[in-house]
Asker: 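So that we are looking at the same thing, I have put the structure below in structure tokens.
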Amino acid sequence: PRAGAPAGGRPGAGGAAAPAASAAARTAAVAAAAAADAALLHGDLTRLSTRLAADVAAYLDGADHLDLPPPARAALDGAMADAAGPPLDALRPAAVAAAAAAIGGACADGLAPLRGILATYRMANRPPPSGASRFVGAVLRPLRAFLADHGAGLGGAASAAIAARVVAAVAGRYHGMATELLANVQRSEDTLRRLNLGRAGAAGGAGGAAAAAAAAAAAAAAGPSASA
């Protein structure tokens, strides 16, 4: 059989891990691409908001045939800024939210090993951990990569907003998974407690029945004279 597969040709754990890793890599790549698109859109909106009004105003200023007096030109510049800026600026928070959602999902996917932490320590009889699990250091890796590639173009405020949203999303996912994990621990303990009580009761009943049978056997062996 192939290496990593038991006899009979069925794939082993190593064979199952490779498709899972490939699927995780594809998911991370999709998330990175979506976040990059959102970052580029944010940059375009920022540049367009600042340049559109200025470019149109410069064109009108250079149109000598209009012969606009200075107050009219100033009013026109203000009107163009008001018309172009706010609608475009209103779209930038949506771009920030889209980037944060994509990166936050990729980071939260890194919490998957948390589901197996009980089996890691309970089944292997290991001592309690003295530090963070190995997967913890990689959870925010997609965020660090994204900011390294697009942080300068986004600017400090947008980068900070994205980072805050991502951290909140990861913390929320961790809280939900940890809460579910603790609930499973409690259910397991309750089940074991009921099983132990049932075994104790069965053992007590068996002991009483054995004692009664022994007493009856002794009485039968003594015969009628003993009973008299």
Side-chain angles (χ1 to χ4, degrees), residues 1-31 97 100-144 162-222 226-227:
R2 189 174 62 255
R10 297 182 62 183
S22 178
R26 287 195 298 270
T27 301
V30 170
I103 297 300
C107 291
D109 288 342
L111 297 173
L114 179 63
R115 296 188 178 94
I117 197 168
L118 287 183
T120 300
Y121 289 95
R122 178 182 293 171
M123 301 303 179
N125 198 24
R126 295 182 180 179
S130 58
S133 299
R134 286 183 296 177
F135 72 87
V136 172
V139 169
L140 294 180
R141 185 179 296 162
L143 175 62
R144 291 193 294 268
I162 290 173
R165 285 172 175 259
V166 169
V167 170
V170 172
R173 177 77 69 87
Y174 184 90
H175 180 273
M177 294 176 66
T179 300
E180 182 181 358
L181 194 66
L182 293 174
N184 289 337
V185 170
Q186 186 61 52
R187 285 193 291 268
S188 298
E189 291 181 353
D190 292 343
T191 300
L192 290 174
R193 189 178 298 111
R194 287 193 299 269
L195 289 174
N196 289 334
L197 290 176
R199 289 169 182 168
S227 61

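Treat the numbers as computed from the prediction; the structure is a model and nothing was measured.
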Asker: Arg187: what forms a side chain to side chain contact (heavy atoms under 4.5 Å, CB included) with it, not counting sequence neighbours?
Answerer: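 Arg187 satisfies side chain to side chain contact (heavy atoms under 4.5 Å, CB included) with Ala183, Asn184 once adjacent residues are dropped.
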Asker: Please list, chain by chain and in numerical order, all residues satisfying side-chain hydrogen bond (donor to acceptor under 3.5 Å, both in side chains) with Glu189, sequence neighbours excluded.
Answerer: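 In terms of side-chain hydrogen bond (donor to acceptor under 3.5 Å, both in side chains), with neighbours along the sequence ignored, Glu189 is linked to no residue.
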Asker: When rounded to the nearest 0.5 angstrom, what is the spacing between CG in Leu181 and CE in Met177?
Answerer: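 The distance works out to 8.0 Å.
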Asker: First locate atom OG1 of Thr27, then atom CG of Asp109, and finally report the distance between them rounded to the nearest 0.5 Å.
Answerer: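 Thr27 OG1 to Asp109 CG: 6.5 Å, rounded to 0.5 Å.
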Asker: Should we count CZ of Arg141 as having more than 12 external heavy atoms under 6.0 Å?
Answerer: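 No, because the 6.0 Å sphere around CZ of Arg141 holds 12 heavy atoms or fewer from other groups.
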Asker: Does any non-hydrogen side-chain atom of Phe135 lie less than 4.5 Å from one of Leu111?
Answerer: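 Yes; the side chains approach each other to less than 4.5 Å.
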Asker: Which pair of non-hydrogen atoms, one from Cys107 and one from Val170, has the smallest distance, and what is that distance?
Answerer: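 For Cys107 and Val170, the tightest heavy-atom pair comes out as CB-CG2, 3.5 Å.
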Asker: Search all heavy atoms of Arg144 against all heavy atoms of Gly137 and return the closest pair with its distance.
Answerer: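 Between these two residues, the closest heavy atoms are NH2-O, 3.1 Å.
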Asker: Working to the nearest 0.5 angstrom, can you tell me the gap between Ser188 OG and Arg193 CZ?
Answerer: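 Rounded to the nearest 0.5 Å, the OG-CZ separation comes to 11.0 Å.
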